[in-house]
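Note that these values count all heavy atoms, side chains included, but never hydrogens, waters or copies made by symmetry. Just so it is clear, the model here is predicted, and its values are computed rather than measured. Atoms within a ligand are numbered from 1 in the order they appear, just like the ligands themselves.
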Amino acid sequence: MLGIESSCDETAAAVVRDGREILSSVISSQIELHRPWGGVVPELASREHLNKIDPIVEEAIVGANVSLDEIDAIAVTQGPGLIGSLHVGVCYAKALAFSLGKPIIGVNHIEGHVYSVVFENPPIRFPALALIVSGGHTNIFHVPEAGRYAVVSRTRDDAAGEAFDKVAKMLGLGYPGGPAIERIARSGDPAAIRFPKAKISDGRPDLSFSGLKTAVSRYVREHGIEPVREGEAPSRAIADLAASFQASVVSALAGTLERLAIDMRPSDLIVAGGVACNVALRDAVRSVSERLGIPAYFPSKHLSTDNAAMIAAAGHARLMRGETSGRDLSADVTMRLQNIADERGEIVPKNVRYRV
Ligand code: KG4
Ligand code: ZN
């Protein structure tokens, strides 16, 4: 399976055998291109995808030591993501699949993140509970069986990764913010500042990060904290702030996952997406896993952030069920994962109180 991913700021291609074995995985990151703007500029992103897609796919094919004829099918990210970026991958994949006479599978990017755990862990056992945390998404999915999803928790505003990025910008820590905050948080005290919980108080297991972001901004103003200047070491106050902010995000994510896992008793816990690189989050989920006796699976760091191997794995699972896309496949900016479940009716166990 050739996987192609171009939903945001990474142009990626990978060749995966039988949905589990990575023969090649090539990622061209645009971080340096967008760094001066402190975030992804959509127009620049699509232009760069256009430049990179052909050489990156070629590199993946050569790296896997296969010929294009040996590829059985092509999986491509259909959505969600940036429209211009998605178009590049989808059009390229369709043209290639058509010219080779091979099937094409449009894959939901979030489902790709779920499948990022299959390469280095035992096969997923269902029902599973999957926390997908990235720069664009923060959701917990109930996965009763392969290919069926129901959202049981979501963020009401910012994604967790977005909160990391915005707080890092406030503190002068650069872009992307998650790794920068995690690094500086190591020398800070996570209990130094009590920030509000990044949770919703109406009883639903939903998350919210905008209040926390505002609280950090207020704290910075009220305590006269200066952003870090280039080449300078961060102050103790910045380290404490980063550690306390990270602790608040981690406790909301792991706490919500635990609460849902107690109610739903899944066979496996899955945590994936860019924020799953965060060691504090991994440690917190490992504690949940030990307390409940439910295994927790993470992808390694290079598979946590956007890549095409995960898209190929998710595409493989769909191909095995005969779910291929037609020639009318087109990018879907707001593609939802729960729609797949909705079409087939109620899938959340009766003992769960939350409306989906
Ligand atoms: O999955 P991903 O590569 O792209 C999206 O689909 O959004 O995730 C990128 C996000 C960014 O917001 C980045 O700051 C965050 O993941 N991230 C982290 C860490 N590494 C990346 N957040 C917290 N801690 C990290 N170590
Ligand atoms: Zn992603």
Side-chain angles (χ1 to χ4, degrees), residues 3-12 14 25 27-31 34-35 38-40 42 45 49 76-82 85-86 89 107-117 130-139 141 155 158-171 173-186 188 190 198 209 212-213 242-243 245-254 270-285 298-311 313-314 333-335 337:
I4 295 177
E5 153 66 36
S6 71
S7 63
C8 187
D9 60 342
E10 263 99 25
T11 322
S25 176
I27 303 169
S28 168
S29 165
Q30 301 180 1
I31 284 184
H34 300 289
R35 198 188 294 280
V40 176
H49 284 306
V76 62
T77 303
Q78 183 182 359
L82 302 170
S85 296
L86 288 166
V107 169
N108 185 303
H109 180 83
I110 315 289
E111 181 170 46
H113 277 300
V114 172
Y115 276 83
S116 66
V117 301
L131 167 64
I132 308 301
V133 260
S134 71
H137 319 279
T138 300
N139 285 311
F141 295 96
T155 175
D158 296 347
E162 198 178 348
F164 270 97
D165 293 337
K166 286 179 178 167
V167 166
K169 204 169 179 177
M170 243 182 259
L171 303 182
L173 297 176
Y175 164 86
I181 293 214
E182 173 166 36
R183 201 166 44 245
I184 282 150
R186 273 188 223 126
F209 297 100
L212 173 61
K213 188 185 65 195
F245 160 78
Q246 177 176 274
S248 175
V249 174
V250 165
S251 119
L253 293 172
I270 293 168
V271 182
V275 183
C277 290
N278 190 281
V279 174
L281 177 62
R282 288 182 182 227
D283 288 346
V285 171
F298 310 85
S300 58
K301 284 195 176 187
H302 72 285
L303 288 168
S304 296
T305 47
D306 290 349
N307 64 87
M310 68 185 196
I311 302 300
V333 173
T334 55
M335 192 177 184
L337 202 47

**Request:** Examine N278 against ligand 1 and note whether any of their N/O atoms are separated by less than 3.5 Å.
**Result:** yes
**Asked** Which atoms from ligand 1 have a heavy atom of T305 less than 4.0 Å away?
**Response** 3 (O)
**Any L171 side-chain heavy atom under 4.5 Å of F245 side chain** = no
**Item:** Q30-S28 side chain donor-acceptor pair, cut-off 3.5 Å
**Value:** no
**Prompt:** For atom 26 (N) of ligand 1, what's the nearest protein heavy atom and its distance?
**Reply:** E182 OE1, 2.6 Å
**Which of the ligand 1 atoms, numbered from 1, are nearer than 4.0 Å to a heavy atom of G135** = 5 (C), 7 (O), 8 (O), 9 (C), 10 (C), 12 (O)
**Asked** Looking at ligand 1, does G136 have a heavy atom less than 4.0 Å from it?
**Response** yes
**Item:** Protein contact to atom 3 (O) of ligand 1 [nearest heavy atom, distance to 0.1 Å]
**Value:** D306 N, 3.2 Å
**Prompt:** Which ligand 1 atoms does H113 reach within 4.0 Å, using its non-hydrogen atoms?
**Reply:** 1 (O), 6 (O)
**Message:** To check your reading of the model: name the closest protein heavy atom to atom 11 (C) of ligand 1, its residue, and the distance in Å.
**Reply:** D165 OD2, 3.6 Å
**Asked** Does H113 bring an N, O or S atom to under 2.8 Å of the Zn ion (ligand 2)?
**Response** yes
**Prompt:** Looking at ligand 1, does any of its N/O atoms fall within less than 3.5 Å of an N/O of E10?
**Reply:** no
**Request:** Using distance alone, decide if ligand 1 has a nitrogen or oxygen within less than 3.5 Å of any nitrogen or oxygen in G161.
**Result:** yes
**Asked** Who's closest to atom 22 (N) of ligand 1 heavy-atom-wise, of A163, G178, A168, P176?
**Response** G178
**the Zn ion (ligand 2) contact by C8, N, O or S atom under 2.8 Å** = no
**Of the N, O or S atoms in D306, the one nearest the Zn ion (ligand 2)** = OD1
**Prompt:** Can you check whether K301 reaches P179 side chain to side chain, under 4.5 Å on heavy atoms?
**Reply:** no
**Item:** Closest protein heavy atom to atom 20 (N) of ligand 1, given as residue, atom name and distance to 0.1 Å
**Value:** G274 O, 3.4 Å
